[in-house]
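Heads up, the thing below is written out as structure tokens.
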Amino acid sequence: MAHPVSAPAAPPARSNLPLDPGLVRRMRVDLAACFRMAARHGMHEGICNHFSAVLPDRPDLFLVNPYGLAFAEVTASSLLLCDLDGNVVEGEGSPEATAFHIHARLHRAKPRARVAFHTHMPYATALAMLEGPPLLFAGQTALRFHGRIAVDEAYNGLALDAREGDRIAASAGEADIVFMKNHGVMVLAETIAEAWDDLYYLERAAQAQVLALATGRPLKIVPEEICRRVAAQEAAGRAESARLHLESAQRILAREEPAYLA
């Protein structure tokens with residue numbers, strides 16, 4: 001169940017740097033595209049789950065989806081611009097409580113995590129429900145995540161306070177991908193495009209693993225040396241590939257769902 005976040009008693013101190021309207025608009029469009037494509041690929045769950053992105057020139061502010069909208073309803077203008085204490089700086093509505101307590105604490109604790117995508121997408125979440133390592137390195141798509149995964153084993157209920165948000169942030173360590181056992185996944189990245197790219201391919205890798213295991217035959221695990229080599233090859237081109245992936249998604253949406261730009 002989703003919960004709206006209550007407003008803090010007093011506004012916090014904010015940076016004096018002015019907002020760049022052009023940059024904010026570009027980020028709104030990029031993030032809205034990710035919501036719409038995630039919905040298309042079945043990565044959503046009702047009005048739950050959340051994506052956030054910190055403004056590069058204002059690390060005290062981040063965009064996040066408002067409480068009450070499904071991913072398929074999100075538009076560029078519907079996204080909220082919030083500070084790290086829960087105040088809405090731009091937009092109508094409020095963030096969902098777990099979105100605030102997870103994302104604000106992540107962004108506060110880990111400046112490198114400028115973008116955070118949290119979902120209960122079915123195949124990756126299915127792996128998070130199993131004992132042992134969630135993602136096994138038996139397929140090429142999975143290899144891009146080699147050495148980049150953390151596992152949060154300590155499910156502790158809904159993140160409805162800062163302490164749980166801090167615990168989740170600490171569990172990430174230096175990883176980009178967090179499998180939250182009995183819960184879902186978190187993807188951390190420096191850019192919106194890279195977060196979308198990783199989220200998409202993480203679910204595809206998880207889907208392939210679930211399908212392979214459904215045959216009842218053992219997985220053929222890739223040797224560690226090759227895992228490391230392929231992961232390095234993937235890393236070398238990740239930023240450019242991610243940019244092109246998101247641009248492709250936006251062209252599709254511009255033709256078929258232009259309302260996301262509103």
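For the numbers below, each heavy atom of this structure counts, side chains included, while hydrogens, waters and symmetry mates do not.
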Main chain of Met121, side chain of Thr125: is a donor-acceptor contact present, judged purely on distance under 3.5 Å?
yes
What distance do His41 atom NE2 and Thr119 atom OG1 have between them, rounded to the nearest 0.5 Å?
13.0 Å
Nearest heavy atoms of Pro134 and Gln209, plus distance in Å:
O-NE2, 2.9 Å
Does some side-chain heavy atom of Asp197 sit less than 4.5 Å from a side-chain heavy atom of Arg144?
yes
So for atom CZ, which belongs to Arg25, do other residues, nucleotides or ligands contribute more than 12 heavy atoms lying within a distance under 6.0 Å?
yes
Can you check side-chain contact (heavy atoms from CB on, under 4.5 Å) on Val115 and Glu194, steps first, answer last?
CA-CA 9 Å; Val115 183; Glu194 289 176 71; over 6 Å; no
Is it true that a side-chain atom of Glu73 and a backbone atom of Ala70 form a donor plus acceptor pair closer than 3.5 Å?
yes
Not counting sequence neighbours, which residues clear ring pair (Phe, Tyr, Trp, His ring centres under 6.0 Å) with Phe71? List them please.
Phe35, Phe51
Shortest non-hydrogen contact from Leu130 to Ala126?
CG-O, 3.5 Å
Between the OH atom in Tyr123 and the CD atom in Glu203, the distance rounded to the nearest 0.5 Å is 7.5 Å
Measure the shortest side-chain to side-chain distance between Val230 and His146 over non-hydrogen atoms and say whether it is less than 4.5 angstrom.
no
Looking only at heavy atoms, the pair that brings Lys110 and Gly173 closest together is NZ-O, 2.9 Å
Does a side-chain heavy-atom distance below 4.5 Å link Asp152 with Met186?
no
With a cut-off of 6.0 Å (strictly less than), are more than 12 heavy atoms of other residues, nucleotides or ligands near CD of Glu92?
no
Do you reckon Leu199 sits in the same ILVMFWY cluster as Leu188, going by side-chain contacts under 4.5 Å, direct or chained?
no
Arg114 side chain vs Pro56 backbone, donor-acceptor pair below 3.5 Å
yes
Following the transitive rule for hydrophobic clusters with a side-chain heavy-atom cut-off under 4.5 Å over Ile, Leu, Val, Met, Phe, Trp and Tyr, establish whether Ile177 and Leu106 coincide in one cluster.
no
Given the rule in the salt bridge (charged side-chain N to carboxylate O under 4.0 Å, His left out) test, do Asp176 and Arg112 qualify, once you have shown the distances and angles that lead to the verdict?
CA-CA 10 Å; Asp176 302 320; Arg112 70 173 183 85; 3.5 Å; yes
Side-chain ion pair, Arg228 and Glu225, N-O less than 4.0 Å
no
Atom of Gly42, atom of Pro122 and distance for their closest heavy-atom approach:
O-CD, 3.3 Å
Any His101 side-chain heavy atom under 4.5 Å of Asp166 side chain:
no
Is there a side chain to side chain donor-acceptor pair (under 3.5 Å) between Glu96 and Asn49? Walk through the geometry before answering.
CA-CA 9 Å; Glu96 195 263 335; Asn49 300 175; over 6 Å; no
Salt bridge (charged side-chain N to carboxylate O under 4.0 Å, His left out), that's the test. Do Arg238 and Glu234 meet it? Break it down for me.
CA-CA 6 Å; Arg238 182 175 301 129; Glu234 289 276 4; over 6 Å; no
Which of Phe62, Phe100, Phe117 passes side chain to side chain contact (heavy atoms under 4.5 Å, CB included) with Ser52? Answer is Phe62
So does Glu131 have more than 12 non-hydrogen atoms from other groups sitting under 6.0 Å from CD?
no
Tell me whether Thr141 contacts the main-chain N or O of Tyr201 through its side chain, where contact means a donor paired with an acceptor under 3.5 Å.
no
Residue pair Ile226 / Arg229, side-chain heavy-atom distance below 4.5 Å:
yes
Who pairs with Glu45 by salt bridge (charged side-chain N to carboxylate O under 4.0 Å, His left out), at least two apart in sequence or on another chain?
none
Would Glu164 and Arg167 count as a salt bridge (charged side-chain N to carboxylate O under 4.0 Å, His left out) here? Give the steps.
CA-CA 5 Å; Glu164 182 62 7; Arg167 189 196 67 75; 2.9 Å; yes
Is there a side-chain contact between Trp196 and Val187 in this structure, where contact means two heavy atoms from C-beta onward sitting under 4.5 Å apart?
no
Restricting to side chain to side chain donor-acceptor pair (under 3.5 Å), what partner residues turn up for His118, sequence neighbours left out?
His120, His183
Nearest 0.5 Å please: distance from the CG atom of Leu31 over to the CG atom of Asn65.
7.5 Å
Looking at every heavy atom in both Thr75 and Ala32, which two are closest together, and how far apart are they?
C-CB, 3.7 Å
Does Asp83 form a salt bridge (charged side-chain N to carboxylate O under 4.0 Å, His left out) with Arg58? I'd like the steps, not just the answer.
CA-CA 10 Å; Asp83 65 23; Arg58 287 290 302 269; over 6 Å; no
Which distance, rounded to the nearest 0.5 Å, do you find between the CG of Leu19 and the CG of Leu55?
6.5 Å
Can you check whether Val74's main-chain N or O pairs, donor with acceptor, with Arg36's side chain at less than 3.5 Å?
yes
Euclidean distance, Ser78 OG relative to Leu80 CG, rounded to 0.5 Å:
7.5 Å
Is it possible for you to say whether Ile149 and Met180 belong to one hydrophobic cluster, with membership spreading through side-chain heavy-atom contacts below 4.5 Å?
no
Single-linkage hydrophobic cluster, 4.5 Å side-chain cutoff, Phe137 and Leu219 together:
no
Shared hydrophobic cluster, Val185 / Leu136 (ILVMFWY, side-chain heavy atoms < 4.5 Å)
no
Is there a side-chain contact (heavy atoms from CB on, under 4.5 Å) between Leu84 and His107 once you walk through the steps?
CA-CA 8 Å; Leu84 297 178; His107 293 314; 4.2 Å; yes
Residues, nucleotides or ligands: over 12 heavy atoms within 6.0 Å of Gln233 CD:
yes
Student check: side-chain heavy atoms of Cys34 and Leu246 closer than 4.5 Å:
yes
Side chains of Leu79 and Met27 in contact at under 4.5 Å (non-hydrogen atoms):
no
Give the minimum heavy-atom separation between His103 and Ala116, together with the two atoms involved.
CE1-O, 3.1 Å
Please tell me whether His245 and Tyr200 form a close aromatic pair, meaning their ring centres lie under 6.0 Å apart.
yes
Would you mind checking if Arg243 and Asp30 are paired as a salt bridge, meaning a charged N to carboxylate O distance below 4.0 Å?
no
With rounding to the nearest 0.5 Å, note down the distance linking CG in Leu202 to CE in Met43.
8.5 Å
